[in-house]
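So you know, we letter chains A, B, ... as the sequences are listed, proteins then strands, and number each from 1.
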2 protein chains.
Amino acid sequence: MDSHFRKLRRRHDVSAAEEAAFCDMVAEHRRVGPDEVVIRAGEPLHESTLLLDGWLARVKDLRSGSRQFTGLHVPGDFADLHSFTLGRLDHEVVSLTECRLAIVPHARLKDLMERNPRLARILWSETNLDAAINREWTVSMARRSALARVAHLLCELSIRLEVAGLSDGMTFDFPMTQNELADCLGLTTVHVNRTIQELRKRGLIQLDRRQVTMRDVAALRNIAEFDDSYLYLGKAPL
Amino acid sequence: MDSHFRKLRRRHDVSAAEEAAFCDMVAEHRRVGPDEVVIRAGEPLHESTLLLDGWLARVKDLRSGSRQFTGLHVPGDFADLHSFTLGRLDHEVVSLTECRLAIVPHARLKDLMERNPRLARILWSETNLDAAINREWTVSMARRSALARVAHLLCELSIRLEVAGLSDGMTFDFPMTQNELADCLGLTTVHVNRTIQELRKRGLIQLDRRQVTMRDVAALRNIAEFDDSYLYLGKAPL
DNA sequence: CGCTGGTTTGACTAACATCAACACCTGTGG
DNA sequence: CCACAGGTGTTGATGTTAGTCAAACCAGCG
């Protein structure tokens, strides 16, 4: 839960009692292996899933056989909090790594909402942050070059992982294959590979299957036209 | 307000009393002309804007001078309900046409949230629906061809406008220029123009600056790989 | 060892962007 | 009434980015 509270505290004032209330909502813990479909699209849902450890992706499949990630989740993120109001998902959630999950029944969310509007609003805020990230992804897919897309994603993840306490802002574990990166970025594996090589050649990143180091954050941000305001890192009002 | 209630009723059971409660939240009505910046990115906000009439777009500007729409709003949509929890926007909201707006102060939303968790949840649901639409846009930008993108957008809008009571599912007012369409679709004006011509040539659409007719909805849906489940047209749970 | 999944390379192609005109319409002021 | 301006739509020639296809390479692993 630590990553989740770090994420919350970054944007809201949360008392110990409120943190306890969050903990009380968790009904169950679960583990899943890598490359599993954790939540299936379209199925009625009665619980939401908080990611404690590992990486998840929101995936949409296309008829052509290709697929597109519409979001990535790192520890501390809710994968499907939106299913609380929508009742089902329009996408799958799949595990990229082995994951530890905390399960929060919708009934308890409903209770919380009635008893504690302030916490409800914080949860609402989390889904709105997801949406803000998604908007920025839309911009990436629509307007940024492959080089800028890769750079932008790395800039985003370094911050999100830092918030979760899993990066120093430069180096972090990076469990995705180039194939999965391609699914993320709307590119092909081949082109992702060439793009990464270009970033390496320019001395901007170091990357292998397990870890990234951003060797020149300023240059990466510049290439990506990265502006972190969409991550809403400051305290939210009231 | 009629379009807004149609939208709500489509997905939730809303009593007359609840509709009245919604109406009571509106503090003020406003009018804006076409091509105005209605809400500026980054500015602290203390109210949200419900679109009563006209079209709005969520816009992100890039350094290169190009811009990307990350969402379109038709009558009945909240343009910036997410500012209630986030406090400011990561994008501008601009008017594509003359618009009538209803202004809802955040203080009243907060009140409502405390007094009526059910309505709060319905509002939360609206922001989650926005996000679902945005995910689908991400897929369009990342994976669909220009032809499929245009077709997909038309399919989406015909349904959203039908829900709002502004389309029969085939024909609707369409106030966007090809330039604005390009901003929407992550394409250039030139390419949008060629794509539209292709759709016309195939007898699938009829389109001028003021109106669209979808001549062959089935073919358009097929080209777009359109699946309306992301619009959550059925009743939400509880 | 010989698989297997992931990464890398090269040759070729397709889709869309870019640049530059031009046509058309509408509103405006002389 | 006409001349003109500005926004919109259209066309053609050319350039660039990323996709496609196919194969080789490489490391970890049973």
Next on the checklist: I want to check one thing: is the phosphate of dT7(C), taken as OP1 and OP2, less than 4.0 Å away from some side-chain N or O of Asn193(A)?
Outcome noted: no

Checklist entry - In whole angstrom, what separates Leu181(A)'s CG from dT8(C)'s P? => result 12 Å

Next on the checklist: Under 4.0 Å, counting only non-hydrogen atoms across every strand here, what does Arg210(B) touch: a base, just sugar-phosphate, or nothing?
Outcome noted: nothing

Next on the checklist: So, taking the atom named SG in Cys99(B) and the one named CZ in Arg31(B), what distance separates them when rounded to the nearest 0.5 Å?
Outcome noted: 10.0 Å

Checklist entry - Do you see a donor-acceptor pair shorter than 3.5 Å between the side chains of His29(A) and Arg100(A)? => result no

Item to check | Gap between atom CG of Asp228(A) and atom CZ of Arg160(A) - 0.5 Å precision | outcome: 13.5 Å

Next on the checklist: Less than 6.0 angstrom separating the ring centers of His4(A) and Phe78(A), yes or no?
Outcome noted: yes

Next on the checklist: Looking at Lys7(A) and Asp77(A), is there a salt bridge between them, counting it only when a charged N and a carboxylate O are closer than 4.0 Å?
Outcome noted: yes

Checklist entry - Once you round it to whole Å, what is the distance between P of dT7(C) and CE of Met176(A)? => result 11 Å

Checklist outcome for this item: dist Leu199(B):CG -> Leu220(B):CG (nearest 0.5 Å) comes out at 6.5 Å

Checklist outcome for this item: Terminal axes of the helix from dC1(C)-dG30(D) to dG30(C)-dC1(D) (5 end pairs apiece), angle rounded to 10 degrees, sit apart by 20°

Item to check | Under 4.0 Å protein heavy-atom contact, by nucleotide of nucleotides 24-30 of chain D - B base, S sugar-phosphate only | outcome: -------

Item to check | Asp90(B) and Ser229(A) side chains, donor-acceptor separation under 3.5 Å | outcome: no

Find every protein N or O atom lying less than 3.5 Å from an N or O atom of nucleotides 14-22 of chain D, and list the pairs.
residue, atom, partner, partner atom, Å
dA18(D), OP1, Ala146(A), N, 2.7
dA18(D), OP2, His191(A), NE2, 3.4
dA18(D), O5', His191(A), NE2, 3.4
dG19(D), OP2, Thr188(A), N, 3.2
dG19(D), OP2, Thr188(A), OG1, 3.0

Next on the checklist: Rounding to an integer number of Å, can you tell me how far Asp208(A) CG sits from dG6(C) C1'?
Outcome noted: 12 Å

Checklist entry - Is any side-chain N or O of Gln197(B) closer than 4.0 Å to OP1 or OP2 of dT11(D)? => result yes

Next on the checklist: I'd like to know whether the aromatic ring centres of Tyr230(A) and Trp137(A) sit less than 6.0 Å apart in this structure.
Outcome noted: no

Checklist entry - In whole angstrom, what separates Leu96(A)'s CG from dG6(C)'s P? => result 12 Å

Checklist entry - Regarding Arg200(B) and Gln206(B), is there a side-chain donor-to-acceptor distance under 3.5 Å anywhere? => result no

Next on the checklist: Taking Glu92(B) first and then Arg67(B), would you say they form a salt bridge - that is, a charged N and a carboxylate O separated by under 4.0 Å?
Outcome noted: no

Checklist entry - So does Asp216(A) pair up with Arg202(A), basic N to acidic O under 4.0 Å? => result no

Checklist entry - So, is Gln178(B) near the phosphate of dT10(D), with a side-chain N or O under 4.0 Å from OP1 or OP2? => result yes

Checklist entry - Taking CG from Leu207(B) and C1' from dG9(D), how many angstroms apart are they, rounded to a whole number? => result 11 Å

